[in-house]
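In what follows, chains are A, B, ... by sequence order, proteins preceding strands, each numbered from 1.
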4 protein chains.
Amino acid sequence: MSEREQGARLRADARRNREQVLAAARDVFLEQGPDAPLDEIARRAGVGIGTLYRRFPDRDSLVRDLMADNMRRGLDEMRAAVAEEPDAWHALVRFVRRMVELRAGSLGPVLSDRIRADPALGASRDELVGLVEATVEQARADGTLREGIGMGDISLLIVMIGRPPHGLAELTSRWQPARYLEIMLDGLAATNTRPLPGRAITATELRELFRMMKG
Amino acid sequence: MSEREQGARLRADARRNREQVLAAARDVFLEQGPDAPLDEIARRAGVGIGTLYRRFPDRDSLVRDLMADNMRRGLDEMRAAVAEEPDAWHALVRFVRRMVELRAGSLGPVLSDRIRADPALGASRDELVGLVEATVEQARADGTLREGIGMGDISLLIVMIGRPPHGLAELTSRWQPARYLEIMLDGLAATNTRPLPGRAITATELRELFRMMKG
Amino acid sequence: MSEREQGARLRADARRNREQVLAAARDVFLEQGPDAPLDEIARRAGVGIGTLYRRFPDRDSLVRDLMADNMRRGLDEMRAAVAEEPDAWHALVRFVRRMVELRAGSLGPVLSDRIRADPALGASRDELVGLVEATVEQARADGTLREGIGMGDISLLIVMIGRPPHGLAELTSRWQPARYLEIMLDGLAATNTRPLPGRAITATELRELFRMMKG
Amino acid sequence: MSEREQGARLRADARRNREQVLAAARDVFLEQGPDAPLDEIARRAGVGIGTLYRRFPDRDSLVRDLMADNMRRGLDEMRAAVAEEPDAWHALVRFVRRMVELRAGSLGPVLSDRIRADPALGASRDELVGLVEATVEQARADGTLREGIGMGDISLLIVMIGRPPHGLAELTSRWQPARYLEIMLDGLAATNTRPLPGRAITATELRELFRMMKG
DNA sequence: TATGAATGAGTTTTCATTCAT
DNA sequence: TATGAATGAAAACTCATTCAT
C-alpha cells in the first residue's frame, strides 16, 4: 500500500498522528542516524510506541516512507528545475541543494533496496533517476560539469553532506551543510580539470553497489 | 599514560593482542561507526572479549587511543609537509589527504573532549592544531586558500569525507573517499570566489562546538 | 514521584506486576543481600527482566522503593506505638520489633543517601527519625533505657539483626531474628548498668556515617 | 594438606606471600563479605592473582584457611579461659569477645561444611565445639547463663555481631562491634528471665543447619 | 615460583517488537 | 484506534579461573 493510499483512507486523527511520527522521525534520524531508538521518535511525536507501530510495522517502513517523501520532493524540484533553469548545470545544482536541504543523506543512500522494494514508488524513482542522469549527461556535454563525474557520484555527495558528523547529534542547528555543499559544487564545476582518482559512479554502478548492501 | 608508554611495558603477547584489537577496531569503526559492538571487534582481533576489556576498560578508551594514533600520524605528516612542501597550500593538501587516508572521520570529530581529556596527548594535539591553523592562515595570505575558510572547516571536511555512507558498511573497498576529497580540495582553492553561506569555523569555534558535544 | 503516586497511575496489570516484583525483591534481598541478581528477582516475580527494568530503571530504585516501604510501615507503627503504648520504652520496643519483622536490615542501613535522595520521602523519613529520637530520649529520662544508648545504636541493631548470616541464604525459615532481638532488648534495658565501650551513636552521628558511605 | 603442613614446607618468600594474602583476605572479607573479588585481595596483598591461586586453589580454600585460623585462635582462647577464668560464664564471655575481635562473623557461620570437610581441622574443631558446649551447659547449671540459650545461639551471635552492616564497607574503623557485643552479653545473663521466642539452637541443631547450607 | 594475560560465563542494561487493556 | 506494558534477544561489562611467559 503506498503512502498516498494509506493517507487517503485514514481518519483525520490517525492521519495527524502519522504525520507527526514522520516529522519526528525526520528529526531524530537526522540527529542520531537511521538506527535511532523508535521510542524516542514516538515520544517526540507525542504518540505511544504502539501507535507508531500501527502506522509503520517496522523500522524499514518508516525509513522507506521518509525516503519516498524525500524522493517525491526531489522529483518535484527536479521537474521544476529542468523546466525553469537556464541550463543543465543550474538544474543539477538546484536539485542537489534541495536534497541537502532535506537532509536526505541522514537516511543513508537514496536508492537502496528498501525503496526499490516498494513497487508503488517505482515510477517516481525511475523518473527521478532518469531525469538526474540525463541532466548530468547534458551538463557534461555542455561543458559545465567536470569530466568524470557520474550520476552516482552526485548521489553519494548528497549522502555525505546531508548528515551531521557523528557526535554532533544534538547540535544540528550549528551544522551547516549548505556551506560544504557550495564548496563541493565549485569542485564539481568543469573549470576544474585535474583528473580524479577512482572511477565515476554511474547510475548502473550505483544500483550494483546498493544491490550488495545488506540493509 | 600514553599508548606508547603502555605499549612499551606490555609483555610481547599482550602487545600483539593490543595491536590486533586496535587494528580490528579501526576496521570495525570504519564499517559500522563508533557505536559498533565491541564483541565484533574482539572476534575479528581473534581475542576474547575479556582481553579487549583488559586493555581498554571501556569503549571510550578504545576510541581515544585510535584518535590519538590518528592524531600522532597526522602530526607527523603535517610536520613533514611544512618542512618539505613548497607552500602552505600544498602542505595543507598533503595533511588532509593523509587524514582522509586514515579514515579519521570514522571516529567522529578529531578534537573531541575524549582526546582533550587525555593529558598525555595535550602536546601533540596542541601542536597539530597550531600547525594546521598557521598553515591555513598562511595559505589564505598566500592567496591559495579560498576566502572564508577556517581551520574548523577543514576538520569537518575530514570527518565528512573520511567515513562511508551509512549502510555501505561492508563495502568499504568500493568506497572511494580520495575521489571526493579531490573534488572538495578543488572547491577549496582560491580560484573559487563565490561567497560561502554560513560562517567560517575557526579553531576557537570548533573547540566551542566540541565543548557542547555530549559524547 | 512516590511509590503511592506511581502505583495509583498504573494500569491494573502493571500495578500487579510491580507489586510482585517488589515482593520478590524483598525475599531475594533477604536471602542474598542487596547485590542479588535482578534476573532472579524477575524470575521469582514471574515477569521478564525487561518488565522489572521498566518499573525500576536500576537496582537502586528497587532498593529505594523497598526501603521507602519499610520506612512508611515503620512510621505507621511508631505513630501507633507512641499513641497506644504506656511509655517510651514500650513504644521503642514495639517499633524495633516491627522493623526486625520487616527484615529492614537486609537492605542495609535504613537512612542511607539512597533514601535521603528521594525527595518525596523526606517528610516521612524526618518524622520517623524525629519520633524515634524523641522516644529514645524520653525512655532514657524515664530510666527505662540503658545509659549511653543513642538513636543510631538502635538503627544499627535493626540492621544487624534483621538479616540472615551470610550463607544461610535459602534457610530463612530457620532463621529466628525475633529471638535475638529479645536478647538484645534485654541488654538495652536500664537494669544493665555496666558502662559500654565505644561511643553512643546519635542521629547526627548516624547521618555522618551514611554521608561517608559510598553506596 | 593442612595450613600448618603447607606453611612448614614453603620457601621463606612463598610463606611470606601466603601470609600477606591471608591478611589481605581477612581485611577484604571484613569490608566486602566473603564474595569479595579475589583480584582486590591479591592487589592489597601486593602479589599477582596467579600467586594467590597457587596458594589457594579456589575461593573456598582461602575462606577455609581463614576460618581455620580463627578457630585455632578461638580454641587457644577457650582453653586459656577455661583454665584461668573463675567460672563458666566468664570463660564464655572471654571466648565470645575474642571471636568478635577476630571478626569471625565476616566469613559466615563458623562451623560450615567448608570447615567440616577439612579433615586436618577435625580435631581442633571438635575440641572447640566440645569445650564451648560444656561451658554453656556449666554456665546454665551455675545459674549464670540465661535459660534457653544453646551453644548454636552463641555461634550465631558471633556471626551477627562480627560483620559490618552492608554498605559500611570502607568504614570499618567506625564500626564498633564490641559495643553491641556487650549489650548482647547483658541480654544473655541469667538475670533476664523473660522467655525467648523460637527455640534454642544446640550444637546438634547447628550442625543440621549447616548441613542444609549450600555454600 | 611469580606474574599478569587470556578466557568466557554471568549480570546488567537497552530496545525492537508484540500484545493486552 | 491509541496506549503503554511485557518480552527477550543483544550488547556492555565484570570477575573467577586457567595458562603462557
Side-chain angles (χ1 to χ4, degrees), chain A residues 10-14 16-18 21 35-43 45-60 62, chain B residues 9-18 21 35-42 45-60 62, chain C residues 9-18 21 35-42 45-59, chain D residues 10-14 16-18 21 35-43 45-60 62:
Chain A
L10 290 173
R11 246 165 51 183
D13 57 342
R16 189 167 52 253
N17 280 342
R18 183 173 194 285
V21 169
D35 296 327
L38 298 184
D39 269 359
E40 167 78 4
I41 293 175
R43 205 178 50 66
V47 304
I49 182 68
T51 303
L52 184 153
Y53 269 90
R54 165 167 282 270
R55 291 295 150 235
F56 305 94
D58 53 23
R59 174 186 299 274
D60 272 10
L62 184 51
Chain B
R9 286 178 195 155
L10 288 175
R11 229 164 63 181
D13 57 341
R15 184 159 58 244
R16 191 168 47 254
N17 278 340
R18 183 174 195 281
V21 169
D35 296 327
L38 298 184
D39 270 4
E40 167 78 2
I41 293 175
V47 304
I49 183 67
T51 301
L52 184 152
Y53 271 93
R54 165 174 276 268
R55 290 301 145 227
F56 305 96
D58 55 21
R59 175 186 300 277
D60 271 11
L62 185 50
Chain C
R9 286 177 195 156
L10 287 175
R11 229 164 64 181
D13 57 341
R15 184 160 55 243
R16 191 166 48 253
N17 279 340
R18 184 174 194 281
V21 169
D35 297 327
L38 298 183
D39 269 5
E40 167 77 4
I41 294 174
V47 305
I49 182 66
T51 301
L52 185 153
Y53 270 91
R54 165 172 277 267
R55 289 301 146 227
F56 305 96
D58 53 23
R59 173 186 302 276
Chain D
L10 290 174
R11 247 167 46 184
D13 58 340
R16 192 167 49 254
N17 279 342
R18 183 173 195 283
V21 169
D35 296 327
L38 297 185
D39 270 358
E40 167 79 2
I41 293 174
R43 204 176 51 65
V47 304
I49 182 69
T51 302
L52 184 153
Y53 269 90
R54 164 167 282 269
R55 293 294 150 233
F56 305 94
D58 54 22
R59 174 186 299 275
D60 271 11
L62 184 51

Item to complete: Using whole Å, report how far CG of D:Asp39 lies from C1' of F:dT17.
Response: 10 Å

Item to complete: With heavy atoms under 4.0 Å as the rule, sort B:Ala12 into base, sugar-phosphate or nothing.
Response: nothing

Discussion item. Show the nearest heavy-atom pair for residues C:Leu52 and C:Ala42, with the distance to one decimal.
Written reply: CD1-N, 3.9 Å

Fill in: Integer-rounded Å distance: F:dC15 C1' and B:Leu52 CG
16 Å

Worksheet entry | Test item: B:Arg18 side-chain N/O and B:Phe56 main-chain N/O as donor-acceptor pair under 3.5 Å | no

Discussion item. From C-beta outward on C:Tyr53, which listed nucleotide comes closest to its side chain: E:dT13, E:dA2, F:dA2?
Written reply: E:dT13

Worksheet item: So which heavy atom on A:Tyr53 is nearest to which on A:Leu38, and how close?
Response: OH-CD1, 3.2 Å

Worksheet, complete the sentence: Closest heavy-atom pair, C:Ile41 versus C:Val21, reported as atoms and distance to 0.1 Å, is CG2-O, 3.9 Å

Worksheet item: Can you tell which of F:dA2, F:dT18, E:dA16 lies closest to the side chain of A:Arg55?
Response: F:dA2

Fill in: Among E:dA2, F:dG4, E:dA5, the nucleotide that comes nearest once only the side chain of D:Asn17 is considered
E:dA2

Worksheet item: Mapping A:Val47 and C:Ala14 onto DNA chain F by nearest heavy atom, which one lands closer to the 5' end?
Response: A:Val47

Item to complete: Would you kindly give the CZ-to-P distance between B:Phe56 and F:dA12, to the nearest whole Å?
Response: 15 Å

Discussion item. I'd like to know if the side chain of A:Arg55 reaches the main chain of A:Leu62, judged simply by a donor and an acceptor atom lying under 3.5 Å from each other, with no hydrogens or angles considered.
Written reply: no

Item to complete: Determine the stems involving DNA chain F; a stem requires 3 or more consecutive pairs of the Watson-Crick or G-U wobble kind, each with both distances below 3.5 Å, and the answer is none if no such run exists.
Response: E:2-21 with F:2-21

Discussion item. Measure CG/B:Asp58 against P/E:dT12 and give the value in whole Å, please.
Written reply: 20 Å

Discussion item. Looking at C:Thr51, I'd like to know whether one of its side-chain N or O atoms comes within less than 4.0 Å of OP1 or OP2 on F:dA5.
Written reply: no

Response to the item:
Closest to the side chain of B:Pro37, out of E:dA5, F:dA11, F:dT7, is F:dA11

Practice prompt. By nearest nucleotide on DNA chain F, pick out whichever of B:Arg16 and B:Ala36 is the more 5' one.
Written response: B:Ala36

Worksheet, complete the sentence: Taking E:dA5, E:dA2, F:dA2 as options, the one with an atom nearest any side-chain atom of A:Asp13 is F:dA2

Item to complete: In whole angstrom, give the distance that lies between atom CG of D:Leu38 and atom P of F:dT18.
Response: 12 Å

Item to complete: Classify the nucleic acid contact of D:Ala42 as base, sugar-phosphate or nothing, counting any heavy atom under 4.0 Å across all strands shown.
Response: nothing

Worksheet item: Has B:Arg59 got a side-chain N or O lying under 4.0 Å from the OP1 or OP2 atom of F:dA12?
Response: yes

Discussion item. Base, sugar-phosphate or nothing for A:Ile49? Non-hydrogen atoms, less than 4.0 Å.
Written reply: base

Worksheet entry | Integer-rounded Å distance: E:dA20 P and C:Arg15 CZ | 20 Å

Worksheet entry | Flag side-chain contact, heavy atom, 4.5 Å: C:Arg54 against C:Thr51 | no

Worksheet entry | Separation of atom CD1 in A:Ile41 from atom C1' in E:dT17, rounded to whole Å | 14 Å

Item to complete: Nearest-nucleotide wise, let me know which of B:Gly46 and C:Glu40 is further upstream toward the 5' end of DNA chain E.
Response: B:Gly46

Worksheet item: Which whole-number value in Å describes the distance from C:Arg54 CZ to E:dC19 P?
Response: 16 Å

